Amino acid sequence: MLSNTVVRTPVIRIESFRRDVSKRVQWHFKQPELALFFYRRGARKLRGKMDGRSFDQQLAGNLAVYPAGLEIDGEFTVTSARSEYTVVFFDQTFISDRLPCFSAAPRLGFDNPAITFGLEELCGEPHHDDVYAMMAEGWAIQTLAFLQRMSGTDAPLGNRGGLTQRNLKRISEFVEENIGRSIGLTEMASLVGLSTRHFIRAFSESTGDTPHQYVIGRRIERAKCLLVSEKYSLTEIGLAVGFSHSQHFTTKFKKHTGVCPSHFRAATRG
């Protein structure tokens, strides 16, 4: 193993691995927690037995979900000498509290840009404060909701409910009006009369995004509009849409769009 990092919050545990591997890797897996895998590099096919039933499947996407208690004996076919992947383990008490009827079927090789983008954000952010814990909880709610729907049972996300359309509009207008400065969770929550924790849950249930993801997305969309013109420099645009410095802007823009701001600007100029 080259490296292994672990991040813990009250609701999830994130473990990221980098390993040197051969072309075929034997694998045994059984955990008491629901596990979501994000295969970043290497793994392309998995065959073996899942709770005693044989399977042989290409990984068409980079995500896989394995329910709590599921036992797998398998063999990965990999396409590079190094394998990189991240595993998220969900706290069972948290699942029971938020979705009492939750059930997830095992599934290999699927994609969901919102899940992977949010997980990349969590892996890249400092993780030793309460804000990070709230971000992780919002992402976890969004992910569990998707897994529930993917399993074919659309159970409600608890009894707290989402935001009304009026409150969603109020939040949207507030973000657009203040896009150029730091926007705090406390400010957003106070607009609709909720605690920050309740606000994150309600906002995520209503939009499918955490407040943090939503604000970043709106900053990027505003930046796209400004990049069409040559009037402002990249640094000026980054600051104008609320990023703290040019490198922060470039990093977030590329993660969100797949290209850096300068390349996006060049493409719009034909």
Side-chain angles (χ1 to χ4, degrees), residues 7-12 14 94 97-98 113-115 117-146 157-227 232 234-257 261:
V7 177
R8 300 177 185 273
T9 80
V11 300
I12 57 174
I14 305 173
F94 169 71
D97 288 345
R98 299 300 294 136
I115 289 177
F117 178 76
L119 184 54
E120 292 277 22
E121 289 277 293
L122 289 175
C123 290
E125 293 282 345
H127 50 266
H128 300 295
D129 56 26
D130 292 339
V131 173
Y132 183 88
M134 289 189 290
M135 288 171 56
E137 182 170 332
W139 176 87
I141 293 170
Q142 175 188 5
T143 301
L144 290 173
F146 174 79
L157 286 168
N159 58 9
R160 297 196 177 201
L163 297 176
T164 64
Q165 288 300 312
R166 181 179 179 182
N167 281 339
L168 283 172
K169 182 179 180 183
R170 185 177 297 171
I171 293 298
S172 175
E173 291 175 346
F174 174 79
V175 171
E176 297 302 325
E177 291 171 1
N178 295 277
I179 202 76
R181 67 171 181 83
S182 176
I183 298 175
L185 274 172
T186 301
E187 288 182 289
M188 298 170 73
S190 66
L191 285 175
V192 294
L194 299 176
S195 67
T196 53
R197 180 178 290 269
H198 188 180
F199 172 69
I200 291 173
R201 290 171 174 157
F203 188 90
S204 299
E205 290 175 22
S206 298
T207 67
D209 285 330
T210 65
H212 177 75
Q213 290 169 337
Y214 175 79
V215 171
I216 293 296
R218 297 314 305 158
R219 294 193 198 284
I220 297 300
E221 291 305 311
R222 182 73 66 86
K224 287 179 181 179
C225 295
L226 294 174
L227 284 166
Y232 304 103
L234 300 184
T235 298
E236 288 173 326
I237 291 173
L239 295 175
V241 300
F243 292 103
S244 55
H245 51 79
S246 59
Q247 187 57 52
H248 188 209
F249 169 48
T250 298
T251 300
K252 293 295 185 182
F253 191 94
K254 186 172 183 180
K255 183 178 288 187
H256 196 86
T257 67

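Remember, predicted model here, so these are calculated numbers, not experimental data.
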query = Does the side chain of Met188 reach to within under 4.5 Å of the side chain of Val215, using non-hydrogen atoms?
reply = yes
ask   = Can you tell me how far the CD1 atom of Ile14 sits from the SG atom of Cys123, to the nearest 0.5 Å?
value = 5.0 Å
message = To check you understand the geometry: which heavy-atom pair defines the closest contact between Ala223 and Val241, and what is its length?
response = N-CG1, 3.9 Å
ask   = Which heavy atom of Val11 sits nearest a heavy atom of Ala140, and at what distance?
value = CG2-CB, 4.4 Å
inquiry  = Can you tell me how far apart CZ (Arg218) and CG (Asp209) are? Round to the nearest 0.5 Å.
reply    = 11.0 Å
note = Between the CG atom in Leu163 and the CZ atom in Arg170, the distance rounded to the nearest 0.5 Å is 10.5 Å
Residues, nucleotides or ligands: over 12 heavy atoms within 6.0 Å of Arg166 CZ = no
request  = Kindly give the heavy-atom pair with the smallest separation between Ile200 and Gly138, and that separation in Å.
outcome  = CG2-CA, 3.6 Å
Donor-acceptor under 3.5 Å (Arg197 side chain, Met134 main chain) = no
request  = Could you check His212 against Trp139 for side chain to side chain contact (heavy atoms under 4.5 Å, CB included), going step by step and ending with a plain yes or no?
outcome  = CA-CA 10 Å; His212 177 75; Trp139 176 87; over 6 Å; no
request  = Ignoring hydrogens and angles, tell me if any N or O in the side chain of Thr251 forms a donor-acceptor pair with the backbone of His248 under 3.5 Å.
outcome  = no
Residue pair Leu122 / Val7, side-chain heavy-atom distance below 4.5 Å = no
query = What is the minimum heavy-atom distance between Ser204 and Thr210, and which atoms define it?
reply = OG-CA, 3.7 Å
query = Just checking, is any N or O donor in the side chain of Ser172 or Glu176 under 3.5 Å from an acceptor N or O on the other one?
reply = no
inquiry  = So Lys252 and Arg219, do their side chains get closer than 4.5 Å, heavy atoms only?
reply    = no
task = Please report the C-alpha distance between Lys224 and Phe253 in whole Å, then the side-chain angles of each, then the deciding distance to 0.1 Å, and finally whether the side chain to side chain contact (heavy atoms under 4.5 Å, CB included) criterion is met.
result = CA-CA 9 Å; Lys224 287 179 181 179; Phe253 191 94; 4.0 Å; yes
ask   = Where does the angle between the aromatic ring planes of His256 and Phe117 fall among parallel (under 30°), tilted (30 to 60°) and perpendicular (over 60°)?
value = perpendicular
remark   = Rounded to the nearest 0.5 Å, the OG1 atom of Thr9 sits from the CD atom of Glu137 at a distance of 8.0 Å
note = Taken to the nearest 0.5 Å, the spacing of Leu227 CG from Tyr232 OH works out to 12.0 Å
inquiry  = One pair to check against side chain to side chain contact (heavy atoms under 4.5 Å, CB included): Ile12 and Phe94. What are the steps and the verdict?
reply    = CA-CA 9 Å; Ile12 57 174; Phe94 169 71; 5.7 Å; no
query = Would one find more than 12 heavy atoms of other residues, nucleotides or ligands at under 6.0 Å from atom NZ of Lys255?
reply = yes
key: Approximate separation, where rounding is to 0.5 Å, of Asn167 CG and Leu194 CG   = 7.5 Å
inquiry  = Angle between ring planes, Phe203 versus Phe199, binned at 30° and 60°: parallel, tilted or perpendicular?
reply    = tilted
task = Could you check Ile220 against Thr257 for side chain to side chain contact (heavy atoms under 4.5 Å, CB included), going step by step and ending with a plain yes or no?
result = CA-CA 9 Å; Ile220 297 300; Thr257 67; 3.9 Å; yes
